Amino acid sequence: MKIEEILSQSIINALKTLYTADFDKSAVVFQKTNPDFEGDITLVVFPFLKASKKNPEQTAADIGNYLKSNCADVSNFNVVKGFLNLVIADSYWLNSFIAKETTSQEQKAEIMVEYCSPNTNKPIHLGHVRNILLGWSMAQILEANGHKVIKANLVNDRGIHICKSMLAWQKWGKGETPEKAGIKGDHWVGKYYVMFEQKLLGERSEILESEFAHVQDLNAAEKEEVFNLYSIAKNLDEKEEIKKNAWEKLNELARLHADLSKGVQEMLRKWEAGDEATIALWKKMNGWVYDGFAETFKCIGIRFDKTYYESQTYLLGKKAVEEGLAKNVFIKRPDGSVIIDLKQEKLDEKVLLRSDGTSVYITQDIGTAIERHKEFPNVKGFIYTVGNEQDYHFKVLFKTLKKLGYAWADNCYHLSYGMVELPEGKMKSREGTVVDADELIKEMIDTARETTQALGKIENFTSDEAENLYRMIGLAALKYFILKVDPKKKMLFNPKESIDFNGNTGPFIQYTYARIKSIIRKAETASEQNYSAAHINLDAKEKTLIKLLYHYPALLAQAAKEYNPSVIAAYTYDLATAYNSFYHDIHILKEENRNLKNFRIALSLKVAEQIKQAMQLLGIEVPERM
RNA sequence: GGUCCCGUAGCUCAGCUGGAUAGAGCAACUGCCUUCUAAGCAGUAGGUCGGGGGUUCGAAUCUUCCCGGGAUCACCA
């Protein structure tokens, strides 16, 4: 039984016996004992003063004395102000360490975790990396808590963005392929996307400079507007702000009337009409991108059970909107558009269907959620790993689903995470400040290689083993760095300084694991597995480790409940730190008492297993040697 | 302007269902490798927890206002 349960029952009895007062279990709350004092768990007695009618010190002493004589697991206590610090008997901790984990976990609800969700016009970047790591880790954490998890990816494979790459390749690609160019497919398609934007920028400048002289398709009203805007924009007496505004409008007009813009719109129209050549080109380009993505995913060490494509889902949801109309959940406006009114919920009105009957983004999301639920009837919850700039969108989505009568809407969760910022500010693709995932990972691995070689600890590794180690370490550094931060907070990533291999880092934890495994290898004989707990007096550092192991299930549950992998990261760091301190101060293999030696080996092994398991929840591998 | 999130050491972050003197890592400074891997351990220094009020025996934590930063408020995705 958990020590908290044992104690709270005893304390309720104590309060009854001592003060004839009845307290509910919920009134008895424990906290960690301040490390400056002796004790394993602490009771705050302030809530009981009214019942005891004594001062805090006396009340705490009363309860402490009662527990010491009536509760076998309490071996001692001390009182500091209103805090009753309880010392729990070594026998309890040893038993908790030896006892087999109760793996009789009931099967919990099935959950779908959607994460990654890339566009097919550019490679994976640092922002996606945070998303991917969070989504993957949450899936692992939920599985460890007894849920069945379906990992899903929703690829945005259609729309104006991919048409830009397609058009650019058609115009300037000269039949080049990723193979011929020797470039990874996703980077290669991204190259054409950037090319398109640059050419468009050039065309816009040309139009602006020539004052729309070569633009053929302006009607009379537009011509007049352009003329008027130029007279404002070039009027020296006009206010700066108004001039700026005029330039912006001209810019927008120039963009709309650029041949490239019209070309890309035409291509999108053809795609939607199912034009064969366009579809073939689209498939070819996306195929290259998927090859590139697959390589990146494999390198990061993640995968999906199910991949959805927006080209197959973007028309979904219209039926649900009609159903909503029939149920009077939605409102049809005179112009034909359909909205939902969420003013009661402190949200606003939201358009669900345009006046021309076409769908908007949220229509699709409503449709896919319902489709997925039909496809996986056992799935009771959906987790959407999406950046916090879409907080509002998901509030509206979940409310809408709820209003449509879907009970599972309550189990939908937006795993919202903050942006990854660079020292110079936000990443902007237009300014070329985006940190590319493939490059970043390569740099991490290179740094791991340099550091490891400088330390010179792997002389007997084969080159394959060494490369695998560099990969493990580099990825651990990156993954841990990102996952140790609370998801909802924005985080700063400094490519030059952020990645360290010392202190609170992935490699530090890996190192702790490797050191333990080194000891285990040296101790590897059958006789060194057995010990008798009866004759062991725990050292403080041993007790710290056992207590940390004891607390793991609670933290695992907390990480799932809060959708927060950083809880696991912090725990793993605490465990590694505690082990290193133990390792430094206490002999293991050199201990002459056989019983004690074997116990310490067993304890070390258990810590190693725990580290490995916790790191696995973060998607981080641990090496046997490093 | 409305809504939401954030503001803790020089830097990056913990701590937030109220609880003891606010913790780590990095950077700086000190020690510790003839001893189980020094990617380690131990220590020094560094804080008006953005600011003011309120609730409370007790506030970094709850509440309110103010200041500062960000996101969002499309018949875009």
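So that the names make sense, note that chain A is the first sequence line, chain B the second, and so on, each numbered from 1. Predicted, not measured: the structure shown is a model, and the values here were computed from it.
To the nearest whole angstrom, the two P atoms, one in G54(B) and one in G15(B), are 29 Å apart. The same atom, C1', is picked in U8(B) and in G25(B); the two are 15 Å apart, to the nearest Å. Rounded to the nearest Å, the gap between the C1' atom of A9(B) and that of G23(B) is 11 Å. Distance noted for atom P between C49(B) and U21(B): 15 Å (whole Å). A gap of 49 Å separates the P atoms of G1(B) and G40(B), to the nearest Å. Annotation: A14(B) and C6(B) have their C1' atoms spaced 16 Å apart (nearest Å). As rounded to the nearest Å, A42(B) and C33(B) have P atoms that lie 16 Å from one another. Separation of the C1' atoms belonging to G70(B) and G58(B) is 34 Å when rounded to the nearest angstrom.
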Pairs counted as Watson-Crick or G-U wobble with both distances under 3.5 Å: what dot-bracket string results for RNA chain B, using | for bases tied to another strand? (((((((..((((.....[...)))).(((((.......))))).....(((((..]....))))))))))))....

Polar atom pairs (N or O), protein with nucleotides 18-24 of chain B, under 3.5 Å:
residue : atom : partner   : partner atom : Å
A20(B)  : N7   : Gln31(A)  : NE2          : 3.3
A20(B)  : N6   : Thr42(A)  : OG1          : 3.1
A20(B)  : N6   : Asn85(A)  : OD1          : 3.0
A20(B)  : N1   : Asn85(A)  : OD1          : 3.2
A20(B)  : N1   : Asn85(A)  : ND2          : 3.4
U21(B)  : OP1  : Lys81(A)  : NZ           : 3.3
A24(B)  : O2'  : Tyr573(A) : OH           : 3.1

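With sequence neighbours left out, Asn580(A) forms a side chain to side chain contact (heavy atoms under 4.5 Å, CB included) with Phe508(A), Thr512(A), Arg515(A). The side chain to side chain donor-acceptor pair (under 3.5 Å) check on Asn85(A) picks up Thr42(A), Asn78(A), with sequence neighbours excluded. In this structure Phe394(A) satisfies the side chain to side chain contact (heavy atoms under 4.5 Å, CB included) test together with Tyr384(A), Val386(A), Gln390(A), Leu397(A), Phe398(A), His414(A), sequence neighbours excluded. Residues satisfying the salt bridge (charged side-chain N to carboxylate O under 4.0 Å, His left out) test with Glu248(A), not counting sequence neighbours, are none. Remark: Thr505(A) pairs with no residue by the side chain to side chain donor-acceptor pair (under 3.5 Å) rule, at least two apart or across chains. Every side chain to side chain contact (heavy atoms under 4.5 Å, CB included) that Met472(A) has, sequence neighbours left out, goes to Asn468(A), Gln510(A), Glu621(A), Pro623(A). Qualifying ring-ring contact (aromatic ring centres under 6.0 Å, His included) partners for Phe23(A), counting only residues two or more places apart in sequence or in other chains: Phe48(A). Remark: Ala608(A) engages Tyr513(A), Ile516(A), Lys517(A) in a side chain to side chain contact (heavy atoms under 4.5 Å, CB included) (not counting sequence neighbours).
At the heavy-atom level, Tyr361(A) lies under 4.0 Å from base atoms of the strands shown. Residue contacts shown for Glu421(A) are absent, as no nucleic acid heavy atom lies under 4.0 Å away. Nucleic acid contact for Leu43(A): none, since no nucleic acid atom lies under 4.0 Å from a heavy atom of the residue. If you check every strand for non-hydrogen atoms under 4.0 Å, Ser581(A) touches sugar and phosphate atoms only. Residue His161(A) is out of contact with every strand shown, counting any heavy-atom pair closer than 4.0 Å. Base contact: Thr452(A) has a heavy atom under 4.0 Å from a base atom. Across all strands, Ile473(A) comes closer than 4.0 Å to base atoms (heavy-atom distances).
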Using a cut-off of 4.0 Å between protein heavy atoms and nucleotide atoms, how would you tag nucleotides 3-14 of chain B 5' to 3' with B, S and -? -S-SS----SSS

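Glycosidic torsion of C13(B) falls outside 90° of 0, placing the base in anti.
Ring-plane geometry between Tyr361(A) and His393(A) is classed as tilted, the angle between the planes lying from 30 to 60 degrees on a 0 to 90 degree scale. Aromatic ring orientation, Trp271(A) versus Trp282(A): perpendicular (interplanar angle above 60°, classes split at 30° and 60°).
Within the structure, salt bridge (Lys or Arg N to Asp or Glu O under 4.0 Å) pairs that include any residue of residues 307-316 of chain A do not occur (at least two apart or interchain).
Taking 4.0 angstrom as the limit, Arg515(A) places a side-chain polar atom (N or O) nearer than this to OP1 or OP2 of A38(B).
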